[in-house]
**Student:** 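Dumping the structure here so I can ask a few things about it.
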Amino acid sequence: MIARIWDGKTRAKDYDVYSEFMTSKAIPDYKSTKGFIKLIFLRRIEGDEAHFKLITFWENIEVIKNFAGKNYEIAKYYPKDKAYLLEFNEKVMHYEVFAP
């Protein structure tokens, strides 16, 4: 099993609206991909910024490519992200899960 980890940051005032966007658009996109196992969506406010961490779990790298494309290490963004995210990290991290 492979864990794919993405980090994002918005203004604190966009905390709830961005959470709703992730719940209604991004999470269903992940869940509809064959080979997806589960996800953990974390969020917190620190000062005037909201931090998000999305950890998704996949059967293997090949199924991640079904979601993210051939360059699976590149972060996948949605057009609406431009309205909320303060920065766009180019890459995501992948880890082999060796002890669930």
**Student:** So, for Gly47 and Ala12, which heavy atoms are closest and what is the spacing to 0.1 Å?
**Tutor:**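 That would be O-CB, 3.9 Å.
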**Student:** If we only count heavy atoms from C-beta on, is the Leu39 to Ile55 side-chain gap below 4.5 Å?
**Tutor:**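 Contact flag for Leu39/Ile55 side chains = no.
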**Student:** When clusters are formed by joining ILVMFWY residues with side-chain heavy atoms under 4.5 Å apart, either directly or through shared neighbours, do Ile37 and Ile64 land in the same one?
**Tutor:**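 Cluster IDs for Ile37 and Ile64 differ.
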**Student:** If I take atom CD1 from residue Ile61 and atom CG from residue Asn66, how far apart are they, to the nearest 0.5 angstrom?
**Tutor:**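 It is 11.5 Å, given to the nearest 0.5 Å.
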**Student:** Side-chain atoms of residues 91-100: list all donor-acceptor pairs with protein atoms under 3.5 Å, sequence neighbours left out, distances to 0.1 Å.
**Tutor:**
from	atom 1	to	atom 2	distance (Å)
His94	NE2	Arg4	NH1	3.1

**Student:** Working to the nearest 0.5 Å, report the span between NE2 of His51 and CZ of Arg44.
**Tutor:**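 Between His51 NE2 and Arg44 CZ, I get 4.5 Å after rounding to 0.5 Å.
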**Student:** When hydrophobic residues are tied together by side-chain contacts of less than 4.5 Å, even through go-betweens, does Val63 share a cluster with Met1?
**Tutor:**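 Per the 4.5 Å side-chain linkage, Val63 and Met1 are not co-clustered.
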**Student:** For the pair Glu49 and Arg11, evaluate salt bridge (Lys or Arg N to Asp or Glu O under 4.0 Å) and give the outcome as yes or no after the intermediate values.
**Tutor:** CA-CA 5 Å; Glu49 294 179 342; Arg11 293 176 299 275; over 6 Å; no
**Student:** Taking atom CD of Glu20 and atom CG of Asp14, what is their separation to the nearest 0.5 Å?
**Tutor:**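 The distance works out to 13.5 Å.
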**Student:** Starting from the C-alpha separation in whole Å, work towards a yes-or-no answer on side-chain contact (heavy atoms from CB on, under 4.5 Å) for Phe52 and Leu42.
**Tutor:** CA-CA 6 Å; Phe52 297 87; Leu42 308 169; over 6 Å; no
**Student:** Applying side-chain hydrogen bond (donor to acceptor under 3.5 Å, both in side chains), can you list everything that pairs with Tyr15, at least two apart in sequence or on another chain?
**Tutor:**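 Tyr15 satisfies side-chain hydrogen bond (donor to acceptor under 3.5 Å, both in side chains) with Arg43 once adjacent residues are dropped.
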**Student:** Are the aromatic ring centres of Phe36 and Phe67 under 6.0 angstrom apart?
**Tutor:**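 Not close enough - the centres of the two rings lie 6.0 Å or further apart.
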**Student:** Other residues, nucleotides and ligands only: do more than 12 of their heavy atoms fall within 6.0 Å of NZ on Lys38?
**Tutor:**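 Counting other residues, nucleotides and ligands, NZ of Lys38 stays at 12 neighbours or fewer.
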**Student:** Rounded at 0.5 Å granularity, tell me how far CH2 in Trp58 sits from OG1 in Thr33.
**Tutor:**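 Output value for this atom pair is 4.5 Å.
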**Student:** Heavy atoms, side chains only, cut-off 4.5 Å: are Lys31 and Ile27 in contact?
**Tutor:**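 Result yes, sub-4.5 Å side-chain heavy-atom pair found.
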**Student:** Decide yes or no for Leu54 and Met22: does some side-chain heavy atom of the first lie under 4.5 Å from some side-chain heavy atom of the second?
**Tutor:**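 SC-SC contact between Leu54 and Met22 confirmed.
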**Student:** Which atom pairs, one a donor and one an acceptor, fall under 3.5 Å between side chains of residues 69-80 and the rest of the protein, sequence neighbours left out?
**Tutor:**
from	atom 1	to	atom 2	distance (Å)
Lys76	NZ	Asp29	OD2	2.9
Tyr77	OH	Trp6	NE1	3.3
Tyr77	OH	Asn89	N	3.0
Tyr77	OH	Asn89	O	2.7
Tyr78	OH	Asp29	OD2	2.6

